[in-house]
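Here the structure is laid out as structure tokens; the discussion comes afterwards.
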Amino acid sequence: MNEEKFGFETEAIRTQLERTQYLEHSVPLYLTSSFVFEDAEDMRASFAEEKDRNIYSRYSNPNTNEFVEKVCKMEGATAGFAFASGMAAVYSTLAALLKSGDHIVSSSSVFGATHSLFINYFPKWNIQTSYFDINEPETIESFITPDTKILFAESPTNPAVDIIDLELLGKIAKKHNLILVIDNCFATPYLQQPIKWGAHLVVHSATKLMDGQGRVLGGVTVGEPELIHKIYLFSRLTGPSLSPFNAWVLSKSLETLAIRLDRHCENAMKVAEFLEQHPNVNRVKYPFLKSHPQYEIAQKQMKAGGNIVAFEIKGGLEAGRNFLDKIKLCSLSPNLGDTRTIVTHPASTTHSKLSVDERLAVSITDGLVRVSVGLETVKDVIADLEQALD
Ligand SMILES: *Cc1c(COP(=O)(O)O)cnc(C)c1O
């Protein structure tokens with residue numbers, strides 16, 4: 001075949017390793033911790049990075065290579081590295097690129113563990129983070145100092161489902177010579193490709209929609225080759241690499257990402273429309289509902305609204321707890337992006353240790369409920385939410 005560019009689904013399905021002597025159709029699992037060399041010179045050249053080959057599975061493995069290659073094709077990137085979890089990807093990416101004295105500007109609403117890393121750990125190495133309010137993007141530049149190296153954001157955000165204008169972030173990063181890192185976990189490359197808008201690096205928790213079936217943890221960072229090389233050198237030393245088995249599972253999952261996402265988004269839209277007209281619901285946030293404050297931006301940068309719906313239940317903390325207790329079909333679980341619909345009420349569960357002000361700082365109000373809409377028959381999901389709300 002010639003140089004013609006294939007469609008997203010074709011790349012997801014047909015990007016694979018060369019077949020072995022057995023001519024298998026589906027890529028096999030390479031459970032091996034190391035690889036062998038022809039002779040001393042082969043070994044020397046491999047370690048000196050003069051050869052592009054597998055050495056040791058902490059560095060690379062055929063299965064992790066295949067997974068990275070697929071994500072690169074899907075995100076429009078040319079290089080990447082696969083991690084044991086999304087947090088390993090976030091941490092290793094930033095730790096590899098930053099040094100003492102550097103500064104990060106981040107959106108206020110980021111994944112909880114990322115937030116804790118920024119406020120509890122990076123300051124130990126004299127790396128400080130400033131937060132901009134997602135609803136005040138015009139203030140972003142005021143946080144940038146001569147020490148700022150990284151602009152970091154998620155969109156849509158967890159759990160409030162706010163949207164940030166990626167094009168604007170791309171322009172700001174370019175103007176101030178910053179590395180723009182986008183956590184694209186909620187959208188996946190099927191719905192949104194941050195590199196198109198100027199992101200230098202895209203990080204993912206592959207645990208969520210990429211696996212999509214709640215089985216394995218994984219993470220990946222893709223983007224500019226020089227940056228990825230630094231991340232690779234740091235990671236091959238420190239050991240956060242993805243296991244071959246999880247990479248094998250994730251590569252298979254990516255083959256169905258597009259078709260799963262289509263249904264996830266279709267179901268989520270129906271759930272959002274149902275919630276919007278329910279009398280016990282104050283406010284629904286779903287990127288593709290006209291009522292979403294950043295609806296126009298979502299339309300510009302996303303193909304569909306994703307599978308996460310956030311809503312504000314009337315009655316605050318108590319009502320949220322009661323709602324969870326009445327749920328029958330859906331799962332109460334900290335995961336998201338699964339075939340099974342999951343509901344969470346952060347204020348009374350995952351974020352109950354925080355004060356009200358601390359919660360509000362990360363956009364968690366007392367009545368906020370997050371629904372990760374799954375792939376069940378959507379009328380069954382709506383019926384469950386309805387009986388719990390009534
Ligand atoms: C879950 C999540 C992570 C962390 O991923 P793990 O695979 O659980 O380590 C990072 N960012 C976002 C937006 C997430 O939802």
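Computation of the quantities below employed the complete heavy-atom set of this structure, encompassing side-chain atoms and omitting hydrogens, waters and symmetry-equivalent molecules. Counting starts at 1 for both ligands and their atoms, in listed order.
- Residues passing the side chain to side chain donor-acceptor pair (under 3.5 Å) test with Glu9, sequence neighbours excluded: none.
- For Lys353, there are no salt bridge (Lys or Arg N to Asp or Glu O under 4.0 Å) partners at least two apart in sequence or on another chain.
- A salt bridge is defined here as a Lys NZ or Arg NE, NH1 or NH2 lying under 4.0 Å from an Asp or Glu carboxylate O, and Lys300 with Glu167 meets this definition.
- In the model, Arg260 has a side-chain atom that pairs as donor or acceptor with a side-chain atom of Thr256 under 3.5 Å.
- Remark: Lys285 engages Asp162 in a salt bridge (Lys or Arg N to Asp or Glu O under 4.0 Å) (not counting sequence neighbours).
- Contact residues for ligand 1 (protein heavy atom closer than 4.0 angstrom to any ligand atom): Ser85, Gly86, Met87, Phe111, Glu154, Asn158, Asp183, Cys185, Phe186, Ser205, Thr207, Lys208, Gly218.
- Between the CG atom of Leu191 and the CD atom of Gln301 there is a distance of 11.0 Å, given to the nearest 0.5 Å.
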